[in-house]
Student: 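Before we start, here is the structure in question, set down as structure tokens.
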Amino acid sequence: MPVFEIKTKERMNVNGEYVDKGLSVQVSTMQSNPFDEVDKIHKAFMRVHGIDFKTEGYLSMGYLEYKII
């Protein structure tokens with residue numbers, strides 16, 4: 001199963017907290033694009049960093065980038 005590193009592309013404000021560019025999590029999925037299972041990305045950021053990108057609308061490839069590791 002491939003493991004993807006998901007990173008923020010730019011600095012952003014999430015619920016009053018600033019998140020720097022490059023903040024990352026790792027997600028494993030059987031899909032070739034991890035954004036096909038965006039809920040896994042949401043849960044990973046919540047679990048690791050306590051940041052909710054979903055409510056702010058930041059769970060997209062416009063704000064996040066990925067690579068296979």
Student: How far apart are the C-alpha atoms of Glu5 and Lys7, what are their side-chain angles, what is the distance that settles it, and do they pass the side-chain contact (heavy atoms from CB on, under 4.5 Å) test?
Tutor: CA-CA 6 Å; Glu5 181 179 46; Lys7 287 185 181 181; 3.5 Å; yes
Student: May I ask whether Ile68 and Val27 are part of the same hydrophobic cluster, defined by side-chain heavy atoms of I, L, V, M, F, W, Y residues being less than 4.5 angstrom apart, directly or through others?
Tutor: yes
Student: Please report the closest heavy-atom contact between Leu23 and His49, naming both atoms and the distance.
Tutor: CD1-CE1, 3.5 Å
Student: Going hydrophobic residue to hydrophobic residue with side-chain gaps under 4.5 angstrom, can you get from Met61 over to Ile41?
Tutor: yes
Student: Please say yes or no: joined through hydrophobic side-chain contacts below 4.5 Å, possibly via intermediate residues, are Ile69 and Val25 part of one cluster?
Tutor: no
Student: Same cluster for Tyr66 and Val48 if Ile/Leu/Val/Met/Phe/Trp/Tyr side chains link at under 4.5 Å?
Tutor: yes
Student: What's the shortest heavy-atom distance between Val14 and Phe53, and which atoms?
Tutor: CG2-CE2, 3.5 Å
Student: Looking at side-chain heavy atoms only, is the closest gap between Arg11 and Val19 below 4.5 Å?
Tutor: no
Student: To the closest 0.5 Å, what do you measure between CG (Asp52) and CG (Asn15)?
Tutor: 6.5 Å
Student: Closest heavy-atom contact between Glu56 and Asn13?
Tutor: OE1-O, 4.3 Å
Student: May I ask you to say whether Lys21 pairs ionically with Glu10, meaning some side-chain N is under 4.0 Å from a carboxylate O?
Tutor: no
Student: Would you check, one step at a time, whether the test side-chain contact (heavy atoms from CB on, under 4.5 Å) holds for Tyr63 with Met12?
Tutor: CA-CA 9 Å; Tyr63 300 100; Met12 57 187 80; 4.0 Å; yes
Student: Would you check if Lys54 and Asp39 make a side-chain contact, meaning some heavy-atom pair closer than 4.5 Å?
Tutor: yes
Student: If you draw a 6.0 Å radius around NZ in Lys43, do more than 12 non-hydrogen atoms from other residues or ligands fall strictly inside?
Tutor: no
Student: Quick one: are Tyr58 and Leu64 in side-chain contact, heavy atoms under 4.5 Å?
Tutor: no
Student: Kindly state each residue pair satisfying side chain to side chain donor-acceptor pair (under 3.5 Å) with at least one member in residues 28-37, sequence neighbours excluded.
Tutor: Thr29-Glu37
Student: I need the minimum non-hydrogen distance between Met46 and Ile51, along with the two atoms involved.
Tutor: SD-O, 3.3 Å
Student: Do Ile6 and Ser24 have side chains that get closer than 4.5 Å, going by heavy atoms?
Tutor: no
